[in-house]
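Read the structure below first, then the notes.
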Amino acid sequence: MNKRLIEKIVDSTDSYDSLALATIVDAKSSAPRDVGTSMIIYPDGETHGTIGGGNQEKEIINKAKALLKEGQSGRISFSLTRKEAAKIGWVCGGDIEVYIENIEL
Amino acid sequence: MKANFYNELNNLTEDFKEVFVGTIVNTDQKHSELKEVKFALTKEKTIYSSSDQTEKINEILETIGKDNILKMNNPGLKEIELNGKGKVELYLEPVTDNPRLILFGAGHIANQVSKIASLMDFEITVIDDREKFLNKERFPEADHLIVKDYSDYLNEYEPEKNDYVVIITRGHQFDYDVLSGVIDEDCKYVGMIGSSKKIGEVFDELRKVDNASEELLDTVYTPIGLDIGAQTTAEIAVAIMGEIVKVRRTKDE
């Protein structure tokens, strides 16, 4: 996790009551460069950072918003072919696990 | 998760260079109280998101071995058996900082290098003693513009092992001054531009004045940049940044 992301979380207390931190925690393939990529999702749908864009990111954002409403953390996983992964800028296909952490500010 | 943990984590990253964060992302039924618990660890100190769970977390840390965590380079998921009494899934990650790109010299090539580097996640610093070259109009994307004599800047410069130093000053004497100041530092990359004649002269001075060993001189990336037949300043900048990406992504820690 990047230092600047930690600072961003800390700085968000002024504007929001909660946020979700989505992180790719696992990618089952030979080149796990994507693991550790993360983004922030706020309850109003605003985001900071990206984990690749595309439909997968939209799904992550929607899941994060739902989790924020419930005050829960959760997980979401994707099965992507190499081609699908390349389209959204992920290095590898295969099964990708995203952990979404609910942070109360 | 409470923001308070992130406040503490933020302070920890200010005080310590190497910080690792662990998150329990899954548990079996027996250990559901550990779910979502986080900790952060340095060689000297550990912080916990939940004071009730410190004992259990310490048990997990012992199972993995604190030294193994402190050695890790890449984030990843680990399944941990708790003395045969069940399982938790732990996500471990190092806290990283953006690499720093330090450009000595604000000429035409520096200008293009800065532009290309800004497309990546480098924190860009440019140093030159000429204000008419070093200004926001010419380097809108750079993070720090430092109008100063190189030698003055070198006195205050604190090298980090994630630093990429590019020496592209306007003259051989300046190149020598800068290279002499950074060559034995623990930077990831030190590259210097110049013809083989100029580089030869700078190296000779380093041998004579600084007693630099051939081994040390070999660590300098020169001629700078990947060999792609670059001719224009923009192409040279691409060659330099290409080399830096190569070092960043393939050179071992």
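Reminder, nothing fancy here: chain letters follow the sequence lines and each chain counts from 1. Side-chain atoms are counted along with the backbone in the values below, which use heavy atoms only and exclude waters and symmetry mates.
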So for A:Ile9, is it side chain, backbone, both, or neither that comes closer than 4.5 Å to the heavy atoms of chain B?
side chain
Check: B:Ser114 main-chain N/O paired with B:Asn111 side-chain donor or acceptor under 3.5 Å:
no
The interface call for A:Ser18 against chain B, heavy-atom contacts under 4.5 Å, is neither
Pair count under 4.5 Å, heavy atoms only, with chain A: among B:Asn26, B:Asp97, B:Val25, highest is B:Val25
If I measure from the heavy atoms of chain A, does B:Asn98 come under 4.5 Å with its side chain, its backbone, both, or neither?
both
For B:Lys38, is it the side chain, the backbone, both or neither that has a heavy atom under 4.5 Å from a heavy atom of chain A?
side chain
When the 4.5 angstrom heavy-atom criterion is applied to B:Tyr6 and chain A, the contacting part is both
Among side-chain atoms of B:Asn58 and B:Tyr48, is any donor-acceptor pair under 3.5 angstrom?
yes
Do A:Lys3 and B:Thr13 have a side chain donor and acceptor closer than 3.5 Å?
no
Is it true that A:Thr50 and A:Glu57 share a donor-acceptor pair across their side chains at a distance under 3.5 Å?
yes
Heavy-atom distances under 4.5 Å only: say whether A:Asn102 touches chain B with side chain, backbone, both or neither.
backbone
Consider side-chain contact (heavy atoms from CB on, under 4.5 Å). Of B:Ile224, B:Leu226, B:Val245, which one does B:Ile240 pass it with?
B:Ile224
Any ion pair linking B:Lys188 and B:Glu160 (charged N to carboxylate O, less than 4.0 Å)?
no
Checking heavy atoms, do the side chain of A:Leu21, its backbone, both or neither come under 4.5 Å from chain B?
side chain
Selection from A:Ile103, A:Leu5, A:Leu105, A:Leu19 maximising heavy-atom pairs under 4.5 Å formed with chain B
A:Ile103
Part of B:Glu14 within contact of chain A (heavy atom distance under 4.5 Å)
side chain
Which label fits B:Phe122 and B:Tyr164: parallel for a plane angle under 30°, tilted from 30 to 60°, or perpendicular past 60°?
perpendicular
